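One structure below.
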Amino acid sequence: MNIVILLGAPGSGKGTVAGKLAADNANLKHVSSGDLLRGAIAAGTAAGNEAKGYMDKGNLVPDALIAQMIKDVVAESEQSEQSNNQTILLDGFPRNLAQAEILEKMGAPVKSAVLIDVPDEIIQDRIAGRRTCPKCKAGYHVKNLPPKVEGICDHCGTALTIRKDDNPETVKDRLVVYHRETEPLIQYYSGKGLLKKVDGMTGVDNVAAAFLAAM
Ligand code: AMP
């Protein structure tokens with residue numbers, strides 16, 4: 001088992017690219033920290049209840065809370081039968097230097113960190129059009145990646161929803177948090193010789209292909 005970290009601002013396409021690659025390649029597994037947290041909130045767990053207030057404001061949840069969830073998923077993957085040739089596409093974790101150090105202390109075999117590069121001025125527009133399937137977690141965009149039937153998930157027929165933290169005010173806060181907390185990871189992984197970069201402005205299929213080649 002090894003790990004590829006997805007780096008990039010909210011709305012840069014990390015979830016879309018990782019979801020597509022995992023759907024097309026049996027040995028790739030998409031693990032999204034945001035989905036884990038939203039799942040915990042939906043299930044009403046203690047961790048979910050604690051995370052909710054931070055997420056609604058666009059702030060990061062406490063490191064220990066999300067780190068425990070990631071540890072559990074990594075341990076589960078290590079024990080699975082396909083573990084030997086499985087790659088985890090880790091989307092949304094680490095989100096700051098402290099989390100990167102936690103991941104390193106876990107002995108997680110990080111193969112590369114791939115930055116999906118999208119200018120800030122594009123992000124608001126991207127997020128405004130974002131729609132998500134609350135059931136199977138598939139992601140869409142009203143312009144860039146529309147479902148076949150407006151408002152309905154192609155895969156499971158569920159009505160698509162807008163994430164609560166995708167409103168313009170919260171997105172501004174999330175971008176501030178990204179630049180302050182997460183961007184230093186670019187330097188961190190570059191220093192370890194693990195950083196790759198792909199242009200996030202070339203369309204989903206091209207970004208996914210470039211990502212696969214880079215990782
Ligand atoms: P995402 O789905 O990756 O955009 O994450 C949505 C929200 O979940 C973020 O704005 C944070 O509040 C929280 N979150 C996700 N991943 C992390 C993380 N690694 N550390 C702290 N908070 C996180």
Side-chain angles (χ1 to χ4, degrees), residues 3-20 22 30-43 45-74 88-106 108 110 113-116 118 120 122-141 160-186 188-189 200:
I3 292 178
V4 170
I5 293 166
L6 288 100
L7 292 176
S12 59
K14 301 186 297 296
T16 305
V17 165
K20 180 176 168 46
H30 178 201
V31 173
S32 153
S33 55
D35 283 349
L36 291 173
L37 289 162
R38 284 182 287 275
I41 291 173
T45 66
N49 292 340
E50 188 185 346
K52 191 174 183 314
Y54 296 95
M55 292 174 74
D56 286 349
K57 293 197 197 85
N59 290 328
L60 296 185
V61 308
D63 294 337
L65 188 157
I66 184 63
Q68 188 56 49
M69 290 184 177
I70 298 294
K71 273 183 197 161
D72 291 345
V73 173
V74 170
I88 291 183
L89 301 175
L90 195 49
D91 161 15
F93 188 95
R95 202 76 153 226
N96 58 28
L97 288 170
Q99 293 180 10
E101 277 154 16
I102 293 173
L103 193 63
E104 193 163 325
K105 283 210 189 89
M106 277 165 57
V110 175
V114 185
L115 171 67
I116 303 180
V118 173
D120 260 16
I122 307 291
I123 295 289
Q124 285 278 1
D125 190 45
R126 283 235 187 145
I127 293 187
R130 185 147 84 168
R131 301 291 180 271
T132 317
C133 174
K135 190 167 171 211
C136 76
K137 312 294 173 224
Y140 298 88
H141 189 279
L160 301 178
T161 53
I162 300 177
R163 269 171 52 175
K164 198 169 175 199
D165 59 349
D166 273 354
N167 68 78
E169 277 315 303
T170 312
V171 169
K172 261 190 219 145
D173 294 339
R174 286 164 63 203
L175 274 173
V176 170
V177 170
Y178 171 74
H179 289 301
R180 190 183 62 221
E181 301 283 332
T182 312
E183 222 165 40
L185 292 176
I186 297 172
Y188 178 85
Y189 286 111

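We number each residue from 1, following the sequence as shown. None of these values were measured; they are calculated from a predicted model. Atoms within each ligand, like the ligands themselves, are counted from 1 in listed order.
- Not close to ligand 1: K57, with no non-hydrogen atom less than 4.0 angstrom away.
- The shortest N/O to N/O separation between V61 and ligand 1 falls below 3.5 Å.
- Between the choices R130, K14, M55, the shortest heavy-atom distance to atom 7 (C) of ligand 1 belongs to M55.
- Near G92, meaning under 4.0 Å from any of its heavy atoms, are these atoms of ligand 1: 16 (N), 17 (C), 18 (C), 19 (N).
- Closest to atom 16 (N) of ligand 1, if we only count protein heavy atoms, is S33 OG, 2.7 Å.
- Protein heavy atom at the shortest distance from atom 20 (N) of ligand 1 is Q99 NE2, 2.9 Å.
- Residue-to-ligand polar distances place R38 within reach of ligand 1: an N/O pair is separated by less than 3.5 Å.
- A salt bridge is defined here as a Lys NZ or Arg NE, NH1 or NH2 lying under 4.0 Å from an Asp or Glu carboxylate O, and D166 with R174 meets this definition.
- To the nearest 0.5 angstrom, D165 atom CG is 16.0 Å from Y54 atom OH.
- The protein atom (non-hydrogen) at minimum distance from atom 23 (C) of ligand 1 is L37 CD1, 3.8 Å.
- Of all protein heavy atoms, the one closest to atom 3 (O) of ligand 1 is R95 NH1, 3.1 Å.
- Looking at every heavy atom in both residues, G200 comes nearest to I116 through CA-CG2, 3.7 Å.
- Scanning all heavy atoms of the two residues, the minimum distance from L185 to A100 falls at CD2-CB, 3.7 Å.
- R95 and S33 get closest at one heavy-atom pair: NH1-OG, 3.9 Å.
- Any N or O atom pair closer than 3.5 Å counts here, and G34 shares no such pair with ligand 1.
- The protein heavy atom nearest to atom 11 (C) of ligand 1 is N59 O, 3.4 Å.
- Not one N or O of S32 is nearer than 3.5 Å to an N or O of ligand 1, by distance alone.
- Pairing each heavy atom of S12 with each of I123, the nearest pair is N-CD1, 4.1 Å.
- Remark: the H179 side chain and the D120 side chain contain an N/O donor-acceptor pair separated by less than 3.5 Å.
- Heavy atoms of R163 come nearer than 4.0 angstrom to ligand 1 in at least one pair.
- Here the CG-CD distance, from L175 to Q124, works out to 6.5 Å after rounding to the nearest 0.5 Å.
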